[in-house]
Trainee: 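Quick one: this structure, given as structure tokens, is what I'll be asking you about.
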Amino acid sequence: LSLYERTEFGGQMMDLMENCPSVMDRFHTNDIFSCKVKEGNWLFYEHPNYKGRMFYLRPGQYRSFSDWGAMNARIGSIRRITDF
């Protein structure tokens with residue numbers, strides 16, 4: 001999972017391979033404007049510790065937070081879905 005600080009995959013890129021209970025603690029920001037899901041399925045949560053509204057992302061490119069259904073770029077936590 002590659003996360004970007006700007007839309008259209010711009011700005012700093014941050015890679016994530018495992019669950020992240022606090023995006024702010026891990027990356028010192030909680031604004032994720034775009035991302036590329038290389039493999040697996042992921043859930044983005046509005047708040048830390050997997051709370052709040054969830055956004056489901058499957059492999060693909062998300063040029064803007066609106067592509068995954070969010071109203072803004074604020075993401076509190078991220079979890080990989082391992083059970084199907």
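These numbers were taken from a predicted model, which means no experiment stands behind them. By convention here, the first residue in the shown sequence is residue 1.
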Trainee: So, Ser77 side chain and His47 main chain: donor-acceptor pair closer than 3.5 Å or not?
Mentor: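 Yes; judged by distance alone, with no hydrogens or angles, the pair exists.
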Trainee: Measure the CE-CD1 distance between Met54 and Ile78 for me, rounded to the nearest 0.5 Å.
Mentor: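 With rounding to 0.5 Å, CE (Met54) is 14.5 Å from CD1 (Ile78).
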Trainee: Side chains of Arg26 and Leu16, heavy atoms from C-beta outward: is any pair under 4.5 Å?
Mentor: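 Yes; the side chains approach each other to less than 4.5 Å.
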Trainee: Check side chain to side chain contact (heavy atoms under 4.5 Å, CB included) between Glu5 and all other residues, then give those that pass, not counting sequence neighbours.
Mentor: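 Residues passing side chain to side chain contact (heavy atoms under 4.5 Å, CB included) with Glu5: Gln12.
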Trainee: Could you tell me the separation between the CG atom of Asn72 and the CD atom of Glu46, rounded to the nearest 0.5 Å?
Mentor: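 Rounded to the nearest 0.5 Å, the CG-CD separation comes out at 7.5 Å.
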Trainee: Does the side chain of Arg80 come within less than 4.5 Å of Glu39's, by heavy atoms?
Mentor: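 Yes, close enough: below the 4.5 Å cut-off.
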Trainee: So how far is it from Phe33 CZ to Asp67 CG, rounded to the nearest 0.5 Å?
Mentor: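 So the CZ of Phe33 and the CG of Asp67 are separated by 13.5 Å.
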Trainee: To the nearest 0.5 angstrom, please state how far the OH atom of Tyr56 sits from the CG atom of Asn41.
Mentor: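 The CG atom of Asn41 is 3.5 Å from OH of Tyr56, to the nearest 0.5 Å.
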Trainee: Less than 4.5 Å apart, side chain to side chain, heavy atoms only: is that true for Val37 and Trp68?
Mentor: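 No; the side chains remain at least 4.5 Å from each other.
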Trainee: Could you go through the side-chain contact (heavy atoms from CB on, under 4.5 Å) check for Cys35 and Phe44 one step at a time?
Mentor: CA-CA 11 Å; Cys35 74; Phe44 283 7; 4.0 Å; yes
Trainee: State plainly whether one hydrophobic cluster holds both Trp42 and Tyr4, where clusters connect Ile, Leu, Val, Met, Phe, Trp and Tyr through side-chain heavy atoms under 4.5 angstrom apart.
Mentor: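 Trp42 does not cluster with Tyr4.
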Trainee: Would Arg79 and Asn19 satisfy side chain to side chain donor-acceptor pair (under 3.5 Å), going step by step from the backbone distance to the final call?
Mentor: CA-CA 4 Å; Arg79 181 185 309 225; Asn19 292 342; 5.4 Å; no
Trainee: Under the 3.5 angstrom rule, does the side chain of Ser34 hit a backbone N or O of Arg6 as a donor-acceptor pair?
Mentor: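 Yes, because the side chain of Ser34 sits within donor-acceptor range (under 3.5 Å) of the backbone of Arg6.
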Trainee: Let me confirm one number: the CZ-CD1 distance from Arg74 to Ile32, rounded to the nearest 0.5 Å.
Mentor: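 Interatomic distance, Arg74 CZ to Ile32 CD1, rounded to 0.5 Å: 10.5 Å.
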Trainee: Mind checking whether Arg63 and Phe9 have side chains closer than 4.5 Å, heavy atoms only?
Mentor: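 The answer is yes, as the side chains (C-beta and beyond) meet within the 4.5 Å cut-off.
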Trainee: If I take atom OH from residue Tyr62 and atom CG from residue Leu1, how far apart are they, to the nearest 0.5 angstrom?
Mentor: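 Reported value, rounded in 0.5 Å steps: 10.0 Å.
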